[in-house]
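What follows is a set of notes on a single structure, which appears directly below.
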Amino acid sequence: MKNSVSKKITIIGSGYVGLTSGICFAEIGHNVICIDSDKSKIEKLKSGKIPIYEPGLDELMKKNRDRLEFSTDLIYGIKESEIIFIAVGTPSNADGSADLSYVETVARSVAINMQEYKLIVEKSTVPVQTAEWIRVTINRYKGKDIEFDVASNPEFLREGSAVKDFLFPDRIVIGVESEKAKKLMLCLYEPINAEKVIVDTKSAELIKHASNSFLAMKISFINAVANICEKTGADIEKVALGMGLDKRIGKDFLNAGVGYGGSCFPKDVRAFIWISQQLGYDFNLLKEVEKINLKQREIFIKKIEESLWILKDKNIGILGLSFKPDTDDIRDAPAIDIIKNLKEKGAKIKVYDPKAMDNIKKIFADIEYCDGLDSVAKNSDCLIFLTEWEEFKHIDFDKIKKLMSQPIIIDGRNIFDLEKMKKLGFVYKSVGRG
Ligand code: UGA
């Protein structure tokens, strides 16, 4: 990867997207100021520690330390750089809409504090027409007649492979309304060898919502088919393979399981439904995507009940808590709903996750936290798998079986081979197979 013409960039919001983008922009030669209002997060970053678990990010930060600055001073960040990325959170409101209050606050601060031309870039996932609102807000609050542009540059990185996704993306989407903004954006991404899709800001915003919703739809679709497989004795993995080899369908995102979670799909599907409604279109297809996804958690609980009958006082061991492997993120993770439900039914719960234990402790005080597989398995009436962590793929099942009270395994991620589990003598249930 070649180095770019070095630019000075400020990234406002140092969460997953902001921080990864900031560190990766430093990697391709830019000087980056990462801003966050959370003092302890910035202190951590200043002392060289990454506040999230993301493979490879640590090393990249160390390597590019001299091109990275961390600060809580928003005004300083605005004054120092020509290009300002907004990467603040856009959480869900109760009605499903995206809460854009942080975006608005940043837009106002930029307006009040800018002294010369600025390019303001949306990185956060926002509903269509947000760039227009940012433009209106800046025009309203800017003191002097200063030129500015607003661009949309949605991010497609996945937690767990964020660095690779940023540096080697399938495409880079750039939404701009002026030649100047287009030139600056192309200059920023010049070192990255990927197709650049240059569109207007509204189309760029829609590309992000539509992409995430489409991927969520693929998952719900395959989960719906998995339910039909269970009723007929067909095998979802074989069905997904046969479908996915058709290039028009593609084999990715056809893994059936307990459904999607995380900070993006659930929130973005809800926000896309909401904004469509506002625009006068009832996006029923996406409502169904969401419904199927939540239903997967209920169906999974039913499978546990069908195996254990009464859950009260049963010892249930849960392996995997994060919404997917290689992250400590538990936002909207199926594990949260499933633990709540099992607790309500009186089950005694033990859990283990390689990275997400500290986060889940903030939600559940009265479950047992274990230091590894063996302690979860010990005296369990049933083991359930909710995340396909690599270390779970190498379990010594003979040993686990001896530790358990009953050899019952319910696998929400189809991690293990059906025949092998049968041979080992387990009652083994998974999703859409057997
Ligand atoms: C998702 C998108 O994949 C990224 O492109 C996007 O940038 C990001 O949201 C975002 O908007 O910031 P992420 O939430 O990190 O990324 O995770 P994914 O790898 O997409 O997985 C999401 C969920 O879907 C996980 O719970 C995963 O277990 C589930 N999933 C995924 C399935 O159940 N089946 C599959 O086949 C694939």
Side-chain angles (χ1 to χ4, degrees), residues 13 15-21 24 52-55 87-92 98 122-127 153-166 168-173 205 207-226 236-237 239-241 243-244 249-272 289-290 292-297 300 320-338 356 385-389 411-415 430-432:
Y16 262 105
V17 170
L19 192 58
T20 312
S21 306
C24 290
I52 48 170
Y53 173 72
E54 183 59 45
V88 294
T90 52
S92 270
E122 295 170 345
K123 198 63 159 157
S124 314
T125 302
V126 289
N153 172 220
E155 189 45 64
F156 300 98
L157 57 82
R158 287 162 297 179
E159 292 182 19
S161 57
V163 171
K164 187 179 140 278
D165 289 343
F166 189 96
F168 305 96
D170 289 345
R171 79 307 204 183
I172 293 169
V173 173
E205 290 164 336
I207 288 172
K208 173 68 189 195
H209 259 169
S211 300
N212 270 7
S213 298
F214 191 87
L215 292 170
M217 180 184 75
K218 264 188 116 175
I219 300 169
S220 280
F221 186 89
I222 205 68
N223 281 334
V225 178
I236 193 62
E237 291 195 328
V239 176
L241 174 72
M243 286 170 62
I249 297 174
K251 59 182 174 24
D252 293 338
F253 280 68
L254 288 182
N255 296 318
V258 272
Y260 61 78
S263 63
C264 305
F265 287 174
K267 169 176 82 76
D268 294 351
V269 169
R270 277 197 293 268
F272 202 18
V289 166
E290 194 181 23
I292 293 169
N293 192 54
L294 294 175
K295 189 86 188 158
Q296 281 307 97
R297 300 174 189 187
F300 189 76
L321 303 165
S322 55
F323 80 98
K324 66 171 190 177
D326 287 328
T327 176
D328 61 355
D329 199 337
I330 55 156
R331 285 175 288 178
D332 244 316
I336 298 175
D337 269 0
I338 290 169
F385 287 84
L386 296 178
T387 320
E388 64 279 34
W389 280 96
D411 177 1
R413 295 292 178 186
N414 290 353
I415 309 173
S430 53
V431 180

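We're numbering straight along the sequence, starting at 1. Counting convention: from 1, in listed order, for ligands and their atoms alike. Worth saying up front: this structure is predicted, and the values here are computed from it rather than measured.
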Lys/Arg N to Asp/Glu carboxylate O, E122 vs K208, below 4.0 Å: no
Pairwise distance CG(N293) to CG(D332) - rounded to 0.5 angstrom: 8.5 Å
K267/T125 under side-chain hydrogen bond (donor to acceptor under 3.5 Å, both in side chains): CA gap, chis, key distance, verdict: CA-CA 10 Å; K267 169 176 82 76; T125 302; 5.0 Å; no
Check against side-chain hydrogen bond (donor to acceptor under 3.5 Å, both in side chains), Y16 and T327: CA-CA 11 Å; Y16 262 105; T327 176; 3.0 Å; yes
Criterion salt bridge (Lys or Arg N to Asp or Glu O under 4.0 Å) on D326 and R158, from CA distance to verdict: CA-CA 10 Å; D326 287 328; R158 287 162 297 179; over 6 Å; no
Neighbour count above 12 (heavy atom, 6.0 Å) for F156 CZ: yes
Would you tabulate the polar-atom pairs, meaning N/O of ligand 1 against N/O of the protein, with distances under 3.5 Å, reported to 0.1 Å?
unit_1   : atom_1 : unit_2 : atom_2 : d
ligand 1 : 5 (O)  : F156   : O      : 2.7
ligand 1 : 7 (O)  : E155   : O      : 3.3
ligand 1 : 7 (O)  : F156   : O      : 3.2
ligand 1 : 7 (O)  : L157   : N      : 3.1
ligand 1 : 7 (O)  : L157   : O      : 2.7
ligand 1 : 7 (O)  : K208   : NZ     : 3.3
ligand 1 : 11 (O) : K208   : NZ     : 2.7
ligand 1 : 11 (O) : N212   : ND2    : 2.8
ligand 1 : 15 (O) : E159   : N      : 2.8
ligand 1 : 15 (O) : K324   : NZ     : 3.3
ligand 1 : 17 (O) : K324   : NZ     : 3.0
ligand 1 : 19 (O) : K324   : NZ     : 2.8
ligand 1 : 26 (O) : G261   : N      : 3.0
ligand 1 : 26 (O) : F323   : O      : 2.8
ligand 1 : 28 (O) : F323   : O      : 3.4
ligand 1 : 28 (O) : R413   : NH1    : 3.3
ligand 1 : 33 (O) : R413   : NH1    : 3.3
ligand 1 : 34 (N) : N255   : O      : 3.0
ligand 1 : 36 (O) : L254   : N      : 3.3
ligand 1 : 36 (O) : N255   : N      : 2.9

